[in-house]
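Only this structure's heavy atoms are used, side chains among them; waters, hydrogens and symmetry mates stay out. This structure is a prediction, so every number in the text was calculated from the model and none was measured.
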Amino acid sequence: MIEFGWGAALLVFLTLQRIAELWWAKQNERRLFAASGVEHGRSHLVLIVCLHATWLLGMWVLAYDRPVDPLFLGVVVVLQLARFWVLATLGRRWTIRIIVVPGENLVARGPYRLMRHPNYAVVAGEFAAVPLALGLPVYALGFTVLNAAVLAIRIPAENAALAGAAAGQTGKSIGAVGAR
């Protein structure tokens, strides 16, 4: 018989959260494309999806039955609050894709007042904190490095999309991007 513990509870929460986020992203993508949104950086999306799926699946294999370290669980909780702040700030613009809608203003409130890519900071923190909460320090290090490599592709693509939107508009503000 398989015994599930606090590790499984944390992984259930994260899995359900990711499924809900994917559903919400899909709804937002439909709206953004209907508003003449243009997707950028599609070629690297598969890297992001594979990385996130492998990260979560690997923890299910390695740590569903492990206890959860309270200190790192606290870090995970703070990161989830930051995630919800980002999602609430972007609202209907949040997606896992880079979609620019011509004529819309770039989001500059909430955590976007403090940094350019707060969601990527949250994800980077999660890639380290969740495995550490489950007692997987090598796993945390490995996936943090892999995530940094993917973000080294993703962030310049997103910045280029926003810069291109700004350059292509005369007197209008740049398009909004919703991205994970």
Identify the heavy atoms of [X] and [Y] that sit nearest to each other, and give their distance.
X	Y	answer
Leu73	Ala133	N-CB, 4.1 Å
Thr144	Ala140	OG1-O, 2.6 Å
Ala157	His44	CB-CE1, 3.7 Å
Phe72	Ala129	CB-O, 3.9 Å
Ile99	Gly37	CG2-CA, 3.9 Å
Trp24	Arg92	CZ2-N, 4.5 Å

Do Asn159 and His117 pass the side-chain contact (heavy atoms from CB on, under 4.5 Å) test, and can you show the C-alpha distance, the side-chain angles, and the key distance before you say yes or no? CA-CA 10 Å; Asn159 288 342; His117 300 287; 2.9 Å; yes
Given Lys26, Arg30, Arg31, the one that forms side chain to side chain donor-acceptor pair (under 3.5 Å) with Asn28: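 With Asn28 as partner, Lys26, Arg30, Arg31 yield a single side chain to side chain donor-acceptor pair (under 3.5 Å), made by Arg31.
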Working to the nearest 0.5 angstrom, can you tell me the gap between [X] [atom1] and [Y] [atom2]?
X	Y	atom1	atom2	value
Leu11	Leu57	CG	CG	10.5 Å
Leu151	Glu158	CG	CD	10.0 Å
Leu146	Leu47	CG	CG	10.5 Å

Would you check if the side chain of Arg93 reaches a backbone N or O of Thr89 as a donor-acceptor pair within less than 3.5 Å?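 Checked: no pair found.
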Examine distances only and state if a side-chain atom of Arg66 and a backbone atom of Gly135 form a donor-acceptor pair shorter than 3.5 Å.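 Pair found, side chain donor or acceptor close to backbone of Gly135.
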Can you hop from [X] to [Y] via hydrophobic side chains spaced under 4.5 Å?
X	Y	result
Val150	Leu56	yes
Phe13	Tyr64	yes
Val68	Val76	yes
Leu14	Leu51	yes
Trp85	Ile96	no

Remaining members of Val145's ILVMFWY cluster at a side-chain heavy-atom cut-off under 4.5 Å?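 Taking Ile, Leu, Val, Met, Phe, Trp and Tyr as members, Val145 shares its hydrophobic cluster with Leu141.
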Please examine the side chains of [Y] and [X], heavy atoms only from C-beta on, and report whether any two atoms are closer than 4.5 Å.
X	Y	answer
Glu21	Leu87	yes
Phe84	Gln17	yes
Arg42	Ile98	no

Take Ile19 and Trp23 through the side-chain contact (heavy atoms from CB on, under 4.5 Å) test and state the conclusion after the steps. CA-CA 6 Å; Ile19 291 168; Trp23 176 84; 5.8 Å; no
Under the criterion side-chain contact (heavy atoms from CB on, under 4.5 Å), which of Leu22, Leu90, Leu32 is the partner of Thr95?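 Between Thr95 and the candidates, side-chain contact (heavy atoms from CB on, under 4.5 Å) is satisfied uniquely by Leu32.
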Show, in sequence, the C-alpha distance, side-chain angles and deciding distance for Tyr112 and Leu106, and conclude whether the side-chain contact (heavy atoms from CB on, under 4.5 Å) test is met. CA-CA 10 Å; Tyr112 291 88; Leu106 182 66; over 6 Å; no
Aromatic plane relationship, Trp55 with His52 - under 30° parallel, 30 to 60° tilted, over 60° perpendicular: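 Because their plane-to-plane angle is over 60°, the rings of His52 and Trp55 count as perpendicular.
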